[in-house]
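Everything below concerns the one structure shown next.
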Amino acid sequence: MQISEISSSDAGAGESNNHEGEAAQRIEKLVSDVENAVPLIKPDTVQQLRDSLSLLVPVQMSENLRLCLWKLSYRIWNACVGMANNALPGQDVDEEHAKLRHVASDMLLLAGSIDTVRSSHLKMAMFFYRTGLIWHKLSNYGMASLCFEKAMELSCKPKEDQGADSLSLSDRKEEDQFMFDLYVARAKTAWNLSQKALACSLLGRARGLLSVLPESRQDLAEQYLQNAKYLLAEPEKQSQTESIKYMEHAIEICSEANISNGREILGGGPLGCLRIKILRYLAAGHLQNENFENALKCVAILRGVPDHPSTAFLALKALAGLNRFEEAEKELYALLGHNGTPVEVCISAIEILAQGTEELDAVKKAFFILQSRYPTNKELAVRILEKLLRRQASTASNHEHKK
């Protein structure tokens with residue numbers, strides 16, 4: 001989305017001295033070079049722009065020059081937007097593009113807040129926020145973090161200067177949405193920089209805005225789930241345990257919608273579907289942490305939604321972990337009877353039961369059920385028979401040792 005430029009009549013061309021006039025002309029020429037080179041970006045031009053800005057001293061700049069810099073910054077930004085909009089399918093922005101947007105952001109910061117531009121601090125913050133998003137997309141998390149930090153610093157200034165009470169309802173809603181997006185974006189970058197405590201704090205701030213931004217619940221819950229999945233895949237026990245906390249936050253966010261809406265969303269709508277997805281991951285997390293009873297509590301909730309093969313599989317693993325093999329057998333048969341169960345899941349379920357009990361009658365029965373479902377899959381029969389034979393051999397060896 002392009003940003004409306006400040007009108008030429010507002011910008012004023014009459015600089016207070018020759019130095020300012022020369023500086024403005026030099027920067028404007030470089031901006032024109034950028035516009036004329038679209039869709040290409042010349043690295044030399046970007047560096048010359050930054051060098052020219054470094055020669056300016058903010059305290060010595062007139063109001064006219066400040067306004068001129070605002071106008072030139074908008075022209076750079078809109079050139080970047082044009083390049084992004086006209087990019088070929090699958091063509092991503094490159095580092096020079098990010099650098100050019102960063103120059104536009106720094107140009108506004110150098111010019112500072114001006115009376116003729118409404119909410120100028122928030123506009124500056126928006127430039128840094130959007131530039132940070134591009135740096136993040138390029139996996140340059142250090143630069144993205146710097147942009148997001150500056151955006152947060154600038155976004156606080158309007159509150160200090162005029163107070164929230166002076167904002168209209170629409171402006172306040174827009175500012176709240178911006179702060180939510182900024183918190184989440186900075187949290188993602190902090191996470192990639194292994195700053196997990198900061199990321200958690202920022203997500204907590206974003207959560208504090210959900211009362212006025214209920215439509216953002218799904219985005220935040222998905223971010224908590226994303227972090228939880230990352231931790232769950234880590235080999236360290238502490239990370240796996242921590243993943244549970246993130247999933248519980250995500251569940252709470254979804255559940256809070258029930259309270260605010262006064263209706264049940266367990267399996268309905270996007271938020272309800274997300275809650276079911278999170279519950280499945282939460283059950284898997286409890287299983288990985290050997291909290292089998294908690295996993296069964298998740299399964300009990302999942303029973304209240306349309307049947308899914310993962311429910312029986314999760315229940316089977318939890319019951320086997322508690323040595324409740326008779327109940328686990330029932331879940332195995334339910335799993336095998338579900339048309340949506342992938343064959344690999346069926347084999348894994350049979351193996352779980354075979355490893356946990358010395359009574360193999362149920363396992364053999366499950367084998368014949370599965371074979372009847374896939375009569376032409378000869379490899380399947382061989383794989384299951386190998387597992388059964390290994391299990392029988394292990395059982396026989398244990399009996400010999402006991403003698």
Side-chain angles (χ1 to χ4, degrees), residues 1-15 18-58 61-62 64-112 114 117 120 123-148 150-151 154 185:
M1 181 180 69
Q2 287 199 340
I3 299 173
S4 301
E5 290 187 16
I6 303 166
S7 65
S8 298
S9 59
D10 289 336
E15 282 70 35
N18 290 335
H19 173 71
E20 284 194 354
E22 292 172 1
Q25 290 174 7
R26 182 169 58 251
I27 295 172
E28 185 167 8
K29 181 182 181 304
L30 291 170
V31 172
S32 297
D33 290 343
V34 168
E35 293 171 328
N36 294 332
V38 171
L40 301 176
I41 300 177
K42 298 178 180 179
D44 290 346
T45 304
V46 177
Q47 187 57 50
Q48 288 171 14
L49 272 168
R50 188 162 291 285
D51 291 342
S52 297
L53 291 177
S54 67
L55 298 176
L56 297 176
V57 181
M61 288 194 297
S62 66
N64 282 337
L65 180 55
R66 293 178 190 277
L67 197 52
C68 182
L69 289 178
W70 270 77
K71 179 183 178 183
L72 294 173
S73 173
Y74 273 46
R75 285 173 57 184
I76 294 173
W77 192 270
N78 287 337
C80 290
V81 172
M83 283 184 273
N85 290 341
N86 294 319
L88 297 174
Q91 181 182 358
D92 294 327
V93 297
D94 57 18
E95 187 171 319
E96 293 304 319
H97 187 123
K99 288 180 179 178
L100 189 56
R101 290 206 186 222
H102 210 145
V103 167
S105 303
D106 285 336
M107 191 177 292
L108 289 190
L109 185 64
L110 180 67
I114 50 179
V117 178
S120 53
K123 287 183 171 63
M124 286 188 274
M126 181 66 74
F127 269 48
F128 278 102
Y129 161 70
R130 291 179 178 171
T131 302
L133 291 178
I134 294 175
W135 280 123
H136 183 96
K137 188 176 182 180
L138 292 170
S139 299
N140 192 328
Y141 304 120
M143 292 300 292
S145 180
L146 290 174
C147 287
F148 292 142
K150 182 56 67 176
L154 290 165

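Not measured: the values here are computed from a predicted model. Sequence positions, counted from 1, serve as the residue numbers for this chain. Quick note: numbers below take in every heavy atom, side chains included, and nothing from hydrogens, waters or symmetry partners.
With contacts defined as side-chain heavy-atom distances shorter than 4.5 Å, the pair I27/L56 qualifies. In this structure, the side chains of F128 and D106 come closer than 4.5 Å at one or more pairs of heavy atoms. K42 places none of its side-chain heavy atoms less than 4.5 Å from the side chain of E96. Looking at K123 and W70, their side chains come closer than 4.5 Å, going by heavy atoms from C-beta outward. You'll find the side chain of M107 stays beyond 4.5 Å of the side chain of F127, heavy atoms only. Side chains of V34 and I41 form no contact here, defined as non-hydrogen atoms less than 4.5 Å apart.
Of all heavy-atom pairs between E35 and R75, the closest is OE1-NH2, 2.8 Å. The nearest pair of heavy atoms linking L138 to V93 is CD2-O, 3.2 Å. The heavy-atom pair separating C68 from A24 by the smallest distance is SG-CB, 4.1 Å. Listed here is the closest heavy atom pair of P39 and M83: O-SD, 3.4 Å. When every heavy atom of S120 is checked against every heavy atom of I114, the shortest pair comes out as OG-N, 3.6 Å.
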Hey, mind stepping through Y129 and C147 against side chain to side chain contact (heavy atoms under 4.5 Å, CB included) and telling me if it holds? CA-CA 6 Å; Y129 161 70; C147 287; over 6 Å; no
Assess the residue pair V103 and V46 against the criterion (side chain to side chain contact (heavy atoms under 4.5 Å, CB included)); give the C-alpha distance rounded to whole Å, side-chain angles, the decisive distance to 0.1 Å, and a yes or no. CA-CA 8 Å; V103 167; V46 177; 4.1 Å; yes
Evaluate the criterion side chain to side chain contact (heavy atoms under 4.5 Å, CB included) for residue pair M143 and H136; output intermediate values, then yes/no. CA-CA 8 Å; M143 292 300 292; H136 183 96; over 6 Å; no
Side chain to side chain contact (heavy atoms under 4.5 Å, CB included) between M61 and V57, intermediate numbers included: CA-CA 7 Å; M61 288 194 297; V57 181; over 6 Å; no
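Taking a cutoff of 4.0 Å between a charged side-chain nitrogen and a carboxylate oxygen, K71 and E28 do not qualify as a salt bridge. One finds no salt bridge joining E22 and R26 here, because no Lys/Arg side-chain nitrogen approaches an Asp/Glu carboxylate oxygen to under 4.0 Å.
The structure places CG of L146 at 12.0 Å from OG1 of T131, a figure rounded to the nearest 0.5 Å. One finds the OG atom of S32 at 11.5 Å from the CD atom of Q25 (value rounded to the nearest 0.5 Å). Atoms CE and CG, on M124 and L154 in that order, are 5.5 Å from each other to the nearest 0.5 Å. Note: L67 CG to S62 OG = 9.5 Å, rounded to the nearest 0.5 Å. For the atom pair CD1 (I76) and CG (L49), the distance works out to 5.0 Å, reported to the nearest 0.5 Å. Annotation: the span from L55 atom CG to R50 atom CZ amounts to 13.0 Å, rounded to 0.5 Å.
Checking Q48 against D44 by side-chain atom types alone, no donor-acceptor pair falls below 3.5 Å.
Qualifying ring pair (Phe, Tyr, Trp, His ring centres under 6.0 Å) partners for H97, counting only residues two or more places apart in sequence or in other chains: none.
A side-chain contact (heavy atoms from CB on, under 4.5 Å) with L110 is found for one member of P58, S54, S73 and no other, namely P58.
S105 contributes a side-chain N or O that, together with a main-chain N or O of R101, makes up a donor-acceptor pair within less than 3.5 Å.
Checked against the 6.0 Å centroid threshold, Y141 and F148 do not count as a close aromatic pair.
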